[in-house]
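Chain letters run A, B, ... following the sequence lines, proteins first and then strands; every chain starts at 1.
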2 protein chains.
Amino acid sequence: MPSDPAKTLQVCNCLALRQAARHVTQFYDQCLAPTGLRTTQFSILAKLKRLGPMTINALARELVMDRTTLGRTMLPLERDGLISIEDGKADRRSKELHLTKEGADRLRAAGRLWSEAQTQFEAAFGGERAAKLRDELRALVSSDLGTWLDADKNRRPSTRAAP
Amino acid sequence: MPSDPAKTLQVCNCLALRQAARHVTQFYDQCLAPTGLRTTQFSILAKLKRLGPMTINALARELVMDRTTLGRTMLPLERDGLISIEDGKADRRSKELHLTKEGADRLRAAGRLWSEAQTQFEAAFGGERAAKLRDELRALVSSDLGTWLDADKNRRPSTRAAP
DNA sequence: TGACAATATGCGTATATGCGCGCATATTAC
DNA sequence: GTAATATGCGCGCATATACGCATATTGTCA
C-alpha cells in the first residue's frame, strides 16, 4: 500500500508546504530587505504592536513558533533596540517583551513594504485565491494531526489522555 | 491605504504559509524521528532515488531549495553514509550526489513512516482537501511574484532581461 | 586562441528552527 | 506547610535557510 516511492514527493503535504513557504518567504524577505527586517522579525514586531507586551510563551503560541525558537529569534531584535525585555510582574520567571519606539518606527516603515509585497503577491496569485488559501492554512494550523506518541510537550490544555 | 497594522497578521500570506509549514513539519518530523531523518533529508533521498544521481544545482531546483542550503544540508547525509559525492563526469566543476545502499535502505524504512504520517494527515484534514491544497501550493511555487529588483539570482533560464 | 561571460561550487556570516536537559519559580495536593 | 507537580526560560546541540563573495571550469566569439 505505501511503497511507490515515485509518487511520494508529488503527494507529500509537508514538502509542498515547505517549498511554498521557502518560495514565498524569499519574496517577502526581499521586499522587506531595505528595512533590515526578515518576515519572521516583522511578524514578531507586528504581534507585539497588536497585542501589547507579552511573555515569550504567549507570543510563541500566537505565532505558532516553538518557545525556544522565539527565545533566540528575538535576541537580534533586542540587540538592535527594536524590543526591550523586562521582568514579568505577576510571574517572576517570565519575561515581558516590549515594542520600543524604534521598533514601532521600524515596523511602520516595514509595513509599507509589506503592503507592496502583499499587493504584488495577490496580483500574481489572485486575491480571492489567496484568501481561500489562507483559510485552509489556518485550518491546518488548528488541526490536530495526532501523533501524541511522546505526549506532554505543548499538550492540549484539557482533555488529558489516559488515566 | 496600507497601514492598518491590526489586520496585517491576519492576512499575511507569508506568515500563514510559514506557520502552517512549521506546524506540519513538526508532525512529519516526529513521525520520521525513529529513522533519524528529518523531512528535508527524506525528500532529498527520495528525489535521488526517483531521479538518479544529480548535481547540487539540479537537485536544489527540483526541491525548490537554495543551492547553498542544499550544499550544507546534504553534508550530514554524506557523513552518515546515506549519499556519496562523486566528481561530475562531463563537468569537473560539478559534483554528483548518489544514493548509497544504506541510503536506499533508510529511505525505505522512512517511507513506511512517512506513509503513516500522510495517512494521519489526510484523516485529520481530508484527502480531497489536502490534494486541492497541494495543487494550490504547487501553483504558488510556479508563480513569479515579481520583485526582479536585483535580478540575476536563480534567474529564469531564458528571457534575459535588459541588455 | 585569448579575453570574457556564464556556470558549479565553496565559504563566512547570520538568522530560523526545534529537541532535551536543567534551573528557578509557581501552583496544587495532602 | 511541605512535597509533588506544573510552568517559564536559558543553553547546548544540530539542522535549515539564504545572501554575498571567492574560486574553478566551461563555453563562446572575435
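Among residues two or more places apart in sequence or in another chain, the side chain to side chain contact (heavy atoms under 4.5 Å, CB included) test is passed with B:A139 by A:F125, A:R129. The side chain to side chain contact (heavy atoms under 4.5 Å, CB included) test applied to A:A16 returns B:R134, B:L137, not counting sequence neighbours. In terms of the side chain to side chain contact (heavy atoms under 4.5 Å, CB included) criterion, residue partners of A:T25 (sequence neighbours excluded) are, by chain and number, A:D29, A:T39, B:C14, B:R18. With sequence neighbours left out, the side chain to side chain contact (heavy atoms under 4.5 Å, CB included) criterion links B:T69 to B:M65, B:D66, B:T73.
Among the protein residues, A:T25 comes within range of no part of the nucleic acid, since none of its heavy atoms lies under 4.0 Å from any strand. Residue-level contact check: B:S94 touches the backbone only, with heavy atoms under 4.0 Å from sugar-phosphate atoms and none from bases.
Residue pairs meeting the ring pair (Phe, Tyr, Trp, His ring centres under 6.0 Å) criterion with at least one member in residues 62-108 of chain A: none, sequence neighbours excluded. Pairs engaging residues 70-89 of chain B under the salt bridge (charged side-chain N to carboxylate O under 4.0 Å, His left out) rule: B:K89-B:E96 [sequence neighbours left out]. Sequence neighbours left out, the pairs with a member in residues 52-62 of chain B that pass salt bridge (charged side-chain N to carboxylate O under 4.0 Å, His left out) are B:K47-B:E62.
The phosphate of D:dT17 has OP1 or OP2 within less than 4.0 Å of a side-chain N or O from A:R18. Between C:dA26 and A:R92, a contact under 4.0 Å exists linking OP1 or OP2 to a side-chain N or O. Of the side-chain N and O atoms in B:T55, none sit less than 4.0 angstrom from OP1 or OP2 of C:dA8. One finds no side-chain N or O of A:N57 lying less than 4.0 angstrom from the OP1 or OP2 phosphate oxygen of D:dT7. Distances shown here put every side-chain N or O of A:Q26 at or beyond 4.0 Å from the OP1 or OP2 atom of D:dT17.
Residue A:R93 contributes atom CZ, which lies 19 Å from atom P of C:dG22 at whole-angstrom precision. Across the protein-nucleic acid pair, A:L59 atom CG and D:dG8 atom C1' stand 14 Å apart, rounded to whole Å. The distance between atom CD of A:Q19 and atom P of D:dA16, rounded to the nearest whole Å, is 14 Å. Separating the CG atom of A:L63 from the C1' atom of C:dG18 is a distance of 15 Å, rounded to the nearest angstrom. If you measure from atom CD of A:E96 to atom C1' of D:dC9, you get 15 Å, rounded to the nearest angstrom. In this structure, A:R22 atom CZ and D:dT15 atom C1' are separated by 13 Å, rounded to whole Å. Nucleotide C:dG18 holds its C1' atom 15 Å from the CG atom of A:L75, rounded to whole Å. Atom CZ of A:R61 is separated from atom P of C:dG18 by 15 Å (rounded to the nearest Å).
With respect to B:K132 and B:E128, a salt bridge is recorded, a charged nitrogen being found less than 4.0 Å from a carboxylate O.
Taking a 4.0 Å limit (strictly below) on heavy-atom distances, residues 10-17 of chain A does not reach DNA chain C anywhere.
Position along DNA chain C of the nearest nucleotide to A:A90 versus A:V64 favours A:V64 as the more 5'-ward residue. For the pair A:A58 and A:H23, both in contact range of DNA chain D, the more 5′-proximal nearest nucleotide belongs to A:A58.
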Encode nucleotides 10-15 of chain C as B, S and - characters from 5' to 3', where the letter depends on protein heavy atoms closer than 4.0 Å: B to the base, S only to sugar-phosphate, - to neither. BBBB-S

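Summarising the geometry, atom CG belonging to B:N13 is positioned 4.0 Å from atom OH belonging to A:Y28; distances are rounded to the nearest 0.5 Å.
The shortest side-chain heavy-atom distance between B:I85 and B:L97 falls under the 4.5 Å cut-off.
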